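Keep in mind that what you see is a predicted model, and the values were worked out from it rather than measured. Lettering follows sequence order; numbering is per chain, from 1.
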Amino acid sequence: MAARKSVARSLRIATFNVNGIRSRLPHLLQWLAKEQPDIACLQELKAVDEGFPIDAIRDAGYGALWHGQRSWNGVAILARGGDPIESRRGLPGARDDVQSRYLEAAAHGVLVGCLYLPNGNPQPGPKFDYKLAWFDRFLKHAQGLFDSGHPVVLAGDYNVVPTDELDIYDPKHWKKDALLQPESRDRYAALLDQGWTDALRTRFPDEKVFTFWDYFRNHWPRNAGLRIDHLLLSRDLAPKLRGAGVDRWVRDLPSASDHAPTWVELGPKRAAKKQGSEHPSREKGALTPVSAPRKARAVKKARA
DNA sequence: ATGTCAATTTCGAATTGA
């Protein structure tokens, strides 16, 4: 069965805010070909359903579900070698919400929630209120998913910088930003209190890890980043966490998205004495901007 | 406030959202 297969071999699940699926299609295809995630959650498609490049994605070996919207938002779930099975489109309790920000599907033996949490700026204001209301609906839904006992990954752009210390280059200029407000952070903490495991933070307990670099002010060349793309693991999946990282090389491409793909690798439950990762070179390279592509090539070569 | 992108309207600069 598919579920058993997912336990036997490792499974890579990624999230990537593409900031425009049409303008970023070449990057997406390049990334899929090189990193070959089993599941990819995409955000900010900025395209209507008819504008989703399903043919190119199929040709790359992926099945997909997507929920588009004109100009803004839009989310998609890609599954390598097959079609994801949709379980939900939009959060419960928001029939009047027309924004495409949540899609949920089963693939490769796990249930994946793909989310694009509202940015919330400027704050205070109606956009921030919408962010918090959306977050509250998400919290409620997440609780149900966690309690279900199913293997679940909640992956996406949360638009929350969890802490000042490790999740941003310098909070000084961001104090008023919606991404750092206590109301945003408290809700993210409430999510973790439900029992979810923040995979990147668990994997890198005391390192600064970034997933987003603002287009403004040379943030990328200065590595002035924020960690706002998160992958949360259910109780069942947390012990299977084998690796995590950020594909920084994608952020370094010409005309890149302001986010880099962020991923987790899940494997069999680790035996008590076993040390190290199944893919140590991949893991080390993941946080190193310059060497990442070279590492990826090396890993590919080694596997061939 | 600054700064830089992408998408839209409507054919190209202004607006909006991030």
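Rounded to an integer number of Å, the gap from CZ of F212(A) to C1' of dG3(B) is 12 Å. The separation between R24(A) atom CZ and dA18(B) atom C1' is 13 Å, rounded to whole Å. One interatomic measurement links the two molecules: CG of D229(A) to P of dA18(B), which rounds to 15 Å at whole-angstrom precision. Look at CD on Q69(A): it is 15 Å from C1' on dA6(B), rounded to the nearest Å. Between the CZ atom of F216(A) and the C1' atom of dC5(B) there is a distance of 8 Å, given to the nearest Å. Separating the CG atom of D214(A) from the C1' atom of dA18(B) is a distance of 8 Å, rounded to the nearest angstrom. Taking atom CG on N119(A) and atom C1' on dA6(B), their separation rounds to 15 Å, with Å as the unit. The NE2 atom of H27(A) sits 12 Å away from the P atom of dC5(B) (whole-angstrom rounding).
Remark: R222(A) CZ is packed, more than 12 non-hydrogen atoms of other residues, nucleotides or ligands lying under 6.0 Å away.
Legend: residues meeting ring-ring contact (aromatic ring centres under 6.0 Å, His included) with F52(A), ordered by chain and number and at least two apart, are W66(A). Not a single ring-ring contact (aromatic ring centres under 6.0 Å, His included) links F135(A) to another residue, sequence neighbours left out. By the ring-ring contact (aromatic ring centres under 6.0 Å, His included) test, H27(A) pairs with no residue at all, sequence neighbours left out. The ring-ring contact (aromatic ring centres under 6.0 Å, His included) search around H67(A) returns none, not counting sequence neighbours.
Taking every side-chain heavy atom of W72(A) into account, dT16(B) is the closest of dT4(B), dT16(B), dA18(B). Taking every side-chain heavy atom of R70(A) into account, dT8(B) is the closest of dT8(B), dT16(B), dA7(B). Nearest nucleotide to the R101(A) side chain, out of dA6(B), dA18(B), dA7(B): dA18(B). For S71(A), the listed nucleotide lying nearest its side chain is dA7(B); candidates were dA7(B), dC5(B), dG3(B). Here the side chain of E44(A) is nearest to one of dG3(B), dA6(B), dA18(B), namely dA18(B).
If R217(A) and D258(A) are placed on DNA chain B by their nearest nucleotide, the residue sitting closer to the 5' end is R217(A). Mapped onto DNA chain B by nearest heavy atom, Y215(A) and Q99(A) fall at different nucleotides, with Y215(A) at the one closer to the 5' end.
Separation of the Y188(A) and H230(A) ring centroids falls under the 6.0 Å cut-off.
For K127(A), a side-chain nitrogen or oxygen approaches OP1 or OP2 of dA18(B) to under 4.0 Å.
When the P atom is used for both dT15(B) and dC11(B), the distance is 15 Å, rounded to whole Å. Here, dA13(B) and dA1(B) have their P atoms 26 Å apart, quoted to the whole Å.
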Could you give the side-chain donor-acceptor pairs of residues 155-166 of chain A under 3.5 Å, partners two or more places apart or in another chain?
from    : atom 1 : to      : atom 2 : distance (Å)
D157(A) : OD1    : N159(A) : N      : 3.0
D157(A) : OD2    : N17(A)  : ND2    : 2.9
Y158(A) : OH     : L154(A) : O      : 3.0
N159(A) : ND2    : L117(A) : O      : 2.8
T163(A) : OG1    : L166(A) : N      : 3.2
T163(A) : OG1    : D167(A) : OD2    : 2.7
D164(A) : OD1    : R185(A) : NH1    : 3.1
D164(A) : OD1    : R185(A) : NH2    : 2.7
D164(A) : OD2    : K175(A) : NZ     : 3.0

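Within residues 14-23 of chain A, the residues having any heavy atom closer than 4.0 Å to DNA chain B are, in order of number, N19(A), G20(A), R22(A), S23(A).
The only option from T15(A), L115(A), I21(A), N19(A) that meets the side chain to side chain contact (heavy atoms under 4.5 Å, CB included) definition with Q43(A) turns out to be T15(A).
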